[in-house]
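See structure below.
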Amino acid sequence: MPFINFGGPFPPDGFGDFTPPHPRRRVQRKPVGNAVTRTLINLAVTLLVGAVWFYLDLPAVNPHSGDFYFFLFLLCGVYCASAVFTSGFQGEGVGGYVRFVAKQCRVPFLTVLLLCAVIAGGMFSSWVVIRAASYSALLPIQSGDFAAEVEEIRYDQIPMLDANSAALLGNRKLGELADMVSQFEILPSYTQINYRGRPVRVTSLAYGDIIKWFNNRRNGLPAYIVIDMVTREAEVVRLGDGMKYTTAEHFGRNLYRYLRFHYPTMMFDEPVLELDENGVPWWVCSRIVKTIGLFGGIDVRGAVLVNAVTGEHEYVEEVPSWVDRLYSANIIIQQYDYYGRYHNGFLNSVLGQREVTVTTEGYNYIAIDDDVYMYTGVTSVTSDESNIGFILSNQRTKETHFYSVAGAEEFSAMDSAQSQIQQMRYTATFPLLLNIANQPTYFMALKGGDGLVKMYAMVNVQQYDIVSTGATVADCEGSYRYTLASRGIIDETLASPEPVDEYEGAGVITDIRASVIGGNTHYYVKLSDVPGYLDFDAAAVPTAVLLNVGERIRYRCEAFADGAGLIPASWFEYDPAPATPTPATNTAEPPATATPAASTATATPATSTAQSPATETTESPAPDQ
């Protein structure tokens with residue numbers, strides 16, 4: 001109908017016969033049972049939700065854990081929500097419900113207030129502004145001499161695989177095994193360790209999906225994968241009994257849940273897979289502690305070791321010597337950054353910034369003796385493109401040395417190496433720090449667009465305009481040493497790599513394998529009397545392509561230890577009659593007794609070889625896995 005008095009005041013009785021609807025009357029809910037019944041129901045609901053949440057989220061029952069407080073808040077919230085429902089209460093707005101909870105749910109309400117007070121006090125007690133001295137003391141630092149403390153490494157012992165290359169080799173190897181490839185995949189979390197004197201990366205298999213887990217759970221995961229970082233060979237190590245306790249399991253055998261139910265109060269870093277000297281797989285689960293106030297000063301105190309096959313577990317304060325990774329790189333870097341920023345006090349870190357330093361964006365690993373050391377550069381807080389030095393930190397003991405070596409930071413060195421062959425458009429990997437002729441040196445691989453290694457580069461840390469490249473590591477090192485000598489940085493006697501002891505022997509060929517490395521074909525020859533494989537470079541020994549299994553040859557190679565892996569060989573001839581091995585002109589003792597200092601590798605040769613990118617590389621630090 002038309003409006004009345006359009007443009008003027010509305011009539012007092014509204015629009016004609018229209019009457020506004022009355023508000024809907026709220027239906028009053030009735031309470032459930034009596035007070036005791038309601039309390040029991042509320043407790044039951046709270047316990048049920050709490051049990052499900054604990055099983056899925058696995059919070060540590062520890063006042064130093066933020067997850068623990070969230071869990072308690074959740075329990076209080078669930079109880080209060082259940083109490084509102086069972087009481088039949090209908091409040092007017094948020095304020096009404098808050099008043100109801102404060103009156104009828106006094107215990108959980110007061111618990112929440114108490115928890116808030118504890119958290120506030122804990123955060124204050126951990127505040128870096130008032131605890132800067134404690135934060136700076138988390139990582140004891142010793143000054144060191146790089147040339148004296150870090151031994152030179154021969155080119156045939158340089159770890160040349162990065163994480164991506166190791167993963168590629170592992171996937172290729174698994175793809176060769178018809179009985180595994182359809183059921184399993186590879187966990188991406190490779191751990192770098194020293195295994196029987198060799199730097200390797202090791203990881204576990206994982207089930208392809210939940211259905212494949214259901215079909216294979218009885219026997220567990222049948223193998224783990226070892227990637228030799230020097231020889232670039234992948235080996236699938238089959239187990240008599242499968243691995244039943246891993247991060248890829250479900251329900252009670254899931255490693256995280258297994259740890260939580262056996263150690264409910266402990267906080268853990270991300271577990272890593274390691275091998276003892278007998279090749280038994282163990283999970284090393286570092287125990288995390290907070291040492292400053294309630295929430296600050298993350299550190300490690302011991303570890304829980306879990307046998308991946310049997311589930312046997314033990315907490316130890318002092319880990320055995322075969323454990324290589326107790327402290328993660330992220331924890332060490334965080335602790336050094338605290339030291340670099342706050343060793344002269346908090347105010348100095350903000351005003352003046354005298355001697356304030358931080359770590360660079362990347363990090364890497366070095367094998368020294370039988371331990372794995374993490375290294376990273378140290379630069380000023382102004383974030384320029386140069387380092388004032390770098391640190392080496394033992395990942396088992398946290399022993400940390402600072403080496404004052406001013407020079408290029410890692411990414412500047414990578415740019416310098418790429419500019420040397422810019423017409424090729426190769427990409428440099430994150431460098432590995434080596435001691436070459438007593439000079440701290442960045443070593444890196446240069447990859448093409450296909451991700452494969454095309455060349456190698458060495459860049460002097462202190463003078464990063466000194467760059468040498470080569471198609472092989474040996475060529476690269478030779479060119480680098482020559483450049484250093486021609487610039488007067490090292491003596492001419494160091495211009496060539498040190499000569500190695502040689503050994504001559506004879507034996508029957510039992511196995512032959514081949515691989516293309518840096519554009520050159522290498523033939524790996526297994527003999528009846530040699531513990532490893534002779535490595536013939538086809539460029540230097542072209543007749544190696546004619547060798548066949550069953551033939552007897554005499555050979556010349558570098559002296560080797562009893563457990564040698566790949567042994568560089570320089571010569572062979574056919575030997576139709578058995579002969580007694582005799583030393584070469586420049587010789588070492590026979591293999592049974594000779595263990596030259598320059599050759600200490602003892603890893604068993606892997607079962608497959610593939611051409612792959614090289615150079616040990618680690619991505620920029622991120623929150624630890």
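Computed from heavy atoms alone, side chains included, the values below leave out hydrogens, waters and symmetry copies.
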Verify the neighbour count for atom [atom1] of [X]: are there more than 12 heavy atoms of other residues, nucleotides or ligands below 6.0 Å?
X      : atom1 : value
Tyr464 : OH    : no
Asp145 : CG    : yes
Phe124 : CZ    : no
Glu318 : CD    : no

I'd like to know whether the aromatic ring centres of [X] and [Y] sit less than 6.0 Å apart in this structure.
X      : Y      : result
Phe71  : Phe68  : no
Phe70  : Trp53  : yes
Phe390 : Phe146 : yes
Trp127 : Phe295 : no
Tyr245 : His313 : no

[X] side chain near [Y] side chain, heavy-atom distance below 4.5 Å:
X      : Y      : answer
Thr247 : Asn254 : no
Glu314 : Val304 : no
Pro440 : Gln462 : yes
Arg257 : His250 : no
Arg396 : Val319 : yes
Val200 : Ile227 : no
Ile225 : Val237 : no
Ile368 : Glu151 : no

Examine distances only and state if a side-chain atom of [X] and a backbone atom of [Y] form a donor-acceptor pair shorter than 3.5 Å.
X      : Y      : answer
Asp369 : Asp371 : no
Thr203 : Leu187 : yes
Asn348 : Arg354 : yes
Glu152 : Ala437 : yes
Ser134 : Ile292 : no
Arg253 : Thr246 : no
Arg287 : Phe268 : no
Thr360 : Gly377 : yes
Asn171 : Ile186 : no
Thr429 : Ala445 : yes

Can a donor-acceptor pair be found between the side chains of [X] and [Y] at a distance below 3.5 Å?
X      : Y      : answer
Glu361 : Tyr363 : no
Tyr207 : Glu185 : no
Ser286 : Asp269 : no
Glu409 : Ser412 : yes
Asn194 : Asp324 : no

How long is the gap from [atom1] on [X] to [atom2] on [Y], to the nearest 0.5 Å?
X      : Y      : atom1 : atom2 : value
Ser136 : Asp337 : OG    : CG    : 12.5 Å
Ile391 : Ile332 : CD1   : CD1   : 7.5 Å
Leu434 : Met444 : CG    : CE    : 10.0 Å
Leu174 : Leu205 : CG    : CG    : 6.0 Å
Ser328 : Gln395 : OG    : CD    : 7.5 Å
Ser189 : Leu273 : OG    : CG    : 8.0 Å

Would Trp213 and Glu249 satisfy side chain to side chain donor-acceptor pair (under 3.5 Å), going step by step from the backbone distance to the final call? CA-CA 8 Å; Trp213 166 80; Glu249 276 288 350; 2.9 Å; yes

Exercise: identify the closest heavy-atom pair between [X] and [Y]:
X      : Y      : result
Leu305 : Pro320 : CD1-CD, 3.8 Å
Ala329 : Met374 : CB-SD, 3.6 Å
Leu255 : Pro271 : CD2-CB, 3.6 Å
Thr46  : Val78  : CA-CG1, 3.8 Å
Met267 : Ser65  : SD-CB, 3.7 Å
Ser204 : Met243 : OG-CE, 3.7 Å

Show your working on side-chain contact (heavy atoms from CB on, under 4.5 Å) between Ile193 and Trp322 and close with a plain yes or no. CA-CA 9 Å; Ile193 62 174; Trp322 56 262; over 6 Å; no

Steps toward side-chain contact (heavy atoms from CB on, under 4.5 Å) verdict (Asn344, Val356): CA-CA 8 Å; Asn344 286 326; Val356 175; over 6 Å; no

Please walk me through it: do Glu312 and Val306 pass side-chain contact (heavy atoms from CB on, under 4.5 Å)? CA-CA 6 Å; Glu312 171 192 353; Val306 181; over 6 Å; no

Who pairs with Tyr79 by ring pair (Phe, Tyr, Trp, His ring centres under 6.0 Å), at least two apart in sequence or on another chain?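 Once residues adjacent in sequence are excluded, Tyr79 has no partner under the ring pair (Phe, Tyr, Trp, His ring centres under 6.0 Å) criterion.
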
Given side-chain contact (heavy atoms from CB on, under 4.5 Å), test His343 with Glu355 step by step and report yes or no. CA-CA 9 Å; His343 66 279; Glu355 297 179 353; 3.9 Å; yes

Identify the residue among [options] that makes a side chain to side chain contact (heavy atoms under 4.5 Å, CB included) with [X].
X      : options                : result
Leu433 : Tyr442, Tyr403, Phe443 : Tyr442
Pro281 : Asp276, Asn307, Leu275 : Leu275
Glu410 : Asp415, Thr379, Asn387 : Asn387

In this structure, which one of Phe346, Tyr336, Tyr338 forms a ring pair (Phe, Tyr, Trp, His ring centres under 6.0 Å) with Tyr135?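 Answer after filtering Phe346, Tyr336, Tyr338: Tyr338.
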
Name all pairs fulfilling the side chain to side chain donor-acceptor pair (under 3.5 Å) condition that reach into residues 291-304, sequence neighbours left out, sorted by first residue then second.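 Sorted pair list: Asp299-Gln335, Asp299-Lys398.
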
